[in-house]
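Take a look at the structure below.
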Amino acid sequence: MHRSGTVNIFDELTWRGLVHQISDPDGLRTYLKAPGQTMYCGFDPTAESLHIGNLVPLLSLVRMLRAGHKPIFLMGGATGLIGDPSGKDKERELSNLDAVQGRAANIKAQIEAFVERNTGQKPCVVNNYDWVKEMSAIELLRDVGKYFTVNWMLGKESVRGRIERDEVGISYTEFSYMILQGYDFYHLYKEMGCRLQIGGGDQWGNITAGCELIRKKAAGEAYALTFPLITTASGKKFGKSEKGAIFMSAAMTSPYAFYQFWINTEDADVIRFLKYYTFLDEERINEIAAEHEAAPHLRGAQKILAAETTIMVHGEDELNKVLAATDALFGKGDLKSIDPATLAAALESAPSKSYTGELPDLPQVLVDLGLCPSKGQARKDIQAGAISLNGDKVADTAHMLAGPDFLGGALAVLRKGKKNYGLVRLG
RNA sequence: GGUGGGGUUCCCGAGUGGCCAAAGGGAACAGACUGUAAAUCUGUCGGCGUCAGCCUUCGGAGGUUCAAAUCCUCCCCCCACCA
């Protein structure tokens with residue numbers, strides 16, 4: 001099979017392993033055959049930034065755009081106020097309007113920057129608050145609610161999961177979520193001719209709710225496509241590092257940390273992730289897979305994955321900085337032989353702390369840098385041999401930082417474990 | 001509104017007057033081995049600490065007691081069934 005811009009995007013998604021469920025495979029394939037088709041995916045503003053768990057849907061819309069289609073990026077300004085029960089095992093706290101709209105604005109800017117970087121085109125971003133806010137309770141109940149039977153809604157996984165378990169319940173608010181999302185799809189169908197909604201594996205119920213509404217209310221045909229739930233080979237949930245979610249915002253997750261997340265991908269996942277998270281084509285990925293199999297210890301596939309995703313999200317300039325930092329910290333050279341200015345630049349995104357006058361003892365410094373949660377834990381870490389100063393292990397739990405510890409008289413590099421750095425500045 | 005069952009340290013979950021900073025599991029962090037991988041083994045896992053000990057925690061507020069996560073009172077929240 002050939003892969004090029006003219007190939008049906010549906011086949012490409014299939015090859016990438018991104019297709020989990022589809023409502024009508026033949027119909028959808030036909031729909032996507034000619035360019036210029038419309039599809040959408042929603043992003044609820046539940047945080048200030050998108051995170052890498054949003055990357056598959058986001059990238060898929062971008063792939064659509066690159067294939068000549070007309071994807072719509074929907075901000076869930078309204079649905080974010082309600083709370084999606086899908087995949088959640090308990091009721092969530094409501095967020096207030098200002099918070100949700102503020103996040104929606106941030107995420108909209110983020111999506112625009114991302115799409116422009118990767119396609120050179122401006123994305124079409126809409127906010128469902130714009131049409132849902134106009135709707136009255138009577139309209140919602142008569143014009144939308146009438147098309148859904150509770151019996152059918154109760155059959156949905158997101159609802160059933162909450163009802164069948166004894167300890168949790170579901171409020172009417174969250175129960176209604178699928179109706180709102182269904183209405184979004186209907187609205188976009190009517191206004192923009194949108195006939196496909198894509199989403200994560202847990203979105204099947206919500207998406208098909210929209211298909212139902214379009215069929216009953218407009219006698220139209222619409223398609224649903226969901227992605228598989230992405231897990232790692234060792235069974236962990238994808239997308240969380242030790243520190244929490246990996247965000248796309250450089251302010252929330254530094255480009256360095258972002259790159260490090262990807263470079264740490266385990267062998268068993270790396271080829272699959274190249275398919276999910278890069279634009280590299282089949283031929284190129286097969287090549288990488290062969291090289292990786294021949295020499296896994298070189299981590300070639302991980303390096304490509306990390307570089308591709310970092311460029312995609314943060315751009316090439318940031319990648320170059322990150323590579324310089326990575327080389328300084330994980331390269332062969334002795335930390336002490338590196339020029340302090342280079343070192344400081346490499347550790348730009350690492351926590352740092354400046355002291356003037358009296359220096360506290362090492363455990364306190366580790367706490368100040370956020371490398372250790374408490375002084376007690378810091379002492380334990382030192383005893384366990386986890387702490388190094390300028391590349392040398394520290395043995396003394398009460399070590400006092402002093403002049404000779406500072407490279408170039410101004411800079412000391414602390415490390416906990418293999419990957420956690422902190423910078424101490426003098427003056 | 002009524003009846004019953006619950007709310008324990010990041011999560012699950014044991015604990016029904018002192019032996020409880022609280023079993024066990026998971027997650028997490030670290031060490032060893034490696035390839036900034038996985039698996040495995042080991043250690044740590046409330047805070048402070050001169051490592052003796054001190055302080056704070058078991059939904060919230062009070063109370064009983066020499067002593068409470070455990071008993072009592074009131075309140076808040078969750079779940080089930082009934083209305």
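Note that the structure is predicted; figures quoted are calculated from it, not measured. Numbered from 1 within each chain, the chains take letters A, B, ... in sequence-line order.
- With rounding to whole Å, A:Ile271 atom CD1 is found 16 Å from B:A38 atom P.
- Remark: B:U65 base-pairs with no nucleotide in the shown strands. Criterion, Watson-Crick or G-U wobble with two distances under 3.5 Å.
- Taking the side chain of A:Lys416 as heavy atoms from C-beta on, and the options B:C51, B:A30, B:C48, the nearest nucleotide is B:A30.
- A gap of 24 Å separates the C1' atoms of B:G59 and B:A27, to the nearest Å.
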After noting the C-alpha distance and the side-chain angles of A:Asp11 and A:Arg29, does the key distance pass the salt bridge (Lys or Arg N to Asp or Glu O under 4.0 Å) rule? CA-CA 8 Å; A:Asp11 293 328; A:Arg29 194 166 189 285; 2.4 Å; yes
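- Rounded to a whole angstrom, the distance from the P atom of B:A69 to that of B:A22 is 13 Å.
- Taking the C1' atoms as reference points, B:C82 lies 46 Å from B:C45, given to the whole Å.
- Side chain of A:Glu293 to backbone of A:Ala290: no donor-acceptor contact under 3.5 angstrom is found.
- Contact check, A:Lys375 against B:G49: a side-chain N or O comes under 4.0 Å of OP1 or OP2.
- Of all nucleotides present, none satisfies the Watson-Crick or G-U wobble test against B:C19 with each distance under 3.5 Å.
- Taking the six-membered ring where the residue is Trp, the centroids of A:Tyr40 and A:Phe185 are separated by under 6.0 Å.
- Across the C1' atoms, B:G24 and B:A14 are found 7 Å apart, a figure rounded to whole Å.
- Nucleotides B:U64 and B:U50 have their P atoms positioned 38 Å apart, rounded to a whole Å.
- Checking B:U36, B:C51, B:G35 against the side-chain heavy atoms of A:Asp267 singles out B:G35 as nearest.
- Between the NE2 atom of A:His292 and the P atom of B:A38 there is a distance of 12 Å, rounded to whole Å.
- At least one donor-acceptor pair closer than 3.5 Å links the side chain of A:Thr226 to the backbone N or O of A:Gln21.
- In terms of phosphate contacts, A:Arg299 brings no side-chain nitrogen or oxygen within less than 4.0 Å of OP1 or OP2 of B:U36.
- Base pairing annotation: B:C74 forms a Watson-Crick or G-U wobble pair with B:G60, both donor-acceptor distances under 3.5 Å.
- Nucleotides B:U9 and B:G47 are separated by 13 Å at their C1' atoms, to the nearest Å.
- Here B:U36 presents its C1' atom at 17 Å from CZ of A:Phe258, a figure rounded to the nearest Å.
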Does the salt bridge (Lys or Arg N to Asp or Glu O under 4.0 Å) test come out yes or no for A:Asp281 and A:Arg284, once each step is laid out? CA-CA 5 Å; A:Asp281 63 22; A:Arg284 180 71 185 116; over 6 Å; no
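- Comparing A:Val367 and A:Leu298 along RNA chain B, the residue whose closest nucleotide (by nearest heavy atom) sits nearer the 5' end is A:Leu298.
- Among the heavy atoms of the strands lying under 4.0 Å from A:Ala384 are primed sugar atoms or P, OP1, OP2 only; no base atom is included.
- With respect to the salt-bridge test (charged N to carboxylate O, under 4.0 angstrom), the residues A:Arg299 and A:Asp267 do not qualify.
- In this model, the phosphate group of B:C48 is approached by a side-chain N or O of A:Ser374 to a distance below 4.0 Å at OP1 or OP2.
- Here B:A30 presents its C1' atom at 13 Å from CG of A:Leu366, a figure rounded to the nearest Å.
- Summary of the strand contacts: A:Lys393 and A:Lys380 both lie near RNA chain B, and taking for each the nucleotide with the nearest heavy atom, the more 5' one is attributed to A:Lys393.
- Straight-line distance from the CZ atom of A:Arg415 to the C1' atom of B:U36: 10 Å, rounded to whole Å.
- B:C81 is paired with B:G2 under the Watson-Crick or G-U wobble criterion, all donor-acceptor distances under 3.5 Å.
- Of the C1' atoms belonging to B:C71 and B:U16, the separation is 9 Å, rounded to the nearest Å.
- When the C1' atom of B:C48 is taken as reference, atom CD of A:Gln364 falls 11 Å away, rounded to whole Å.
- If you check B:A30 for Watson-Crick or wobble pairing at under 3.5 angstrom, you find it paired to B:U42.
- If you check every strand for non-hydrogen atoms under 4.0 Å, A:Gln377 touches sugar and phosphate atoms only.
- Proximity of a side-chain donor or acceptor of A:Gln302 to a complementary backbone N or O of A:Thr265 within less than 3.5 Å is detected.
- Across all strands shown, B:C12 is found opposite B:G24 as a Watson-Crick or G-U wobble partner, with both distances under 3.5 Å.
- With P as the reference atom, B:G4 and B:C58 are 27 Å apart, rounded to whole Å.
- For the pair A:His297 NE2 and B:A39 P, the computed distance is 21 Å after rounding to whole Å.
- Contact annotation for A:Pro296: base contact, defined as any heavy-atom pair under 4.0 Å involving a base atom.
- As rounded to whole Å, 17 Å separates atom C1' of B:A80 from atom CD1 of A:Ile170.
- You'll find that the side chain of A:Asn420 is closest to B:A30, out of B:C48, B:A37, B:A30.
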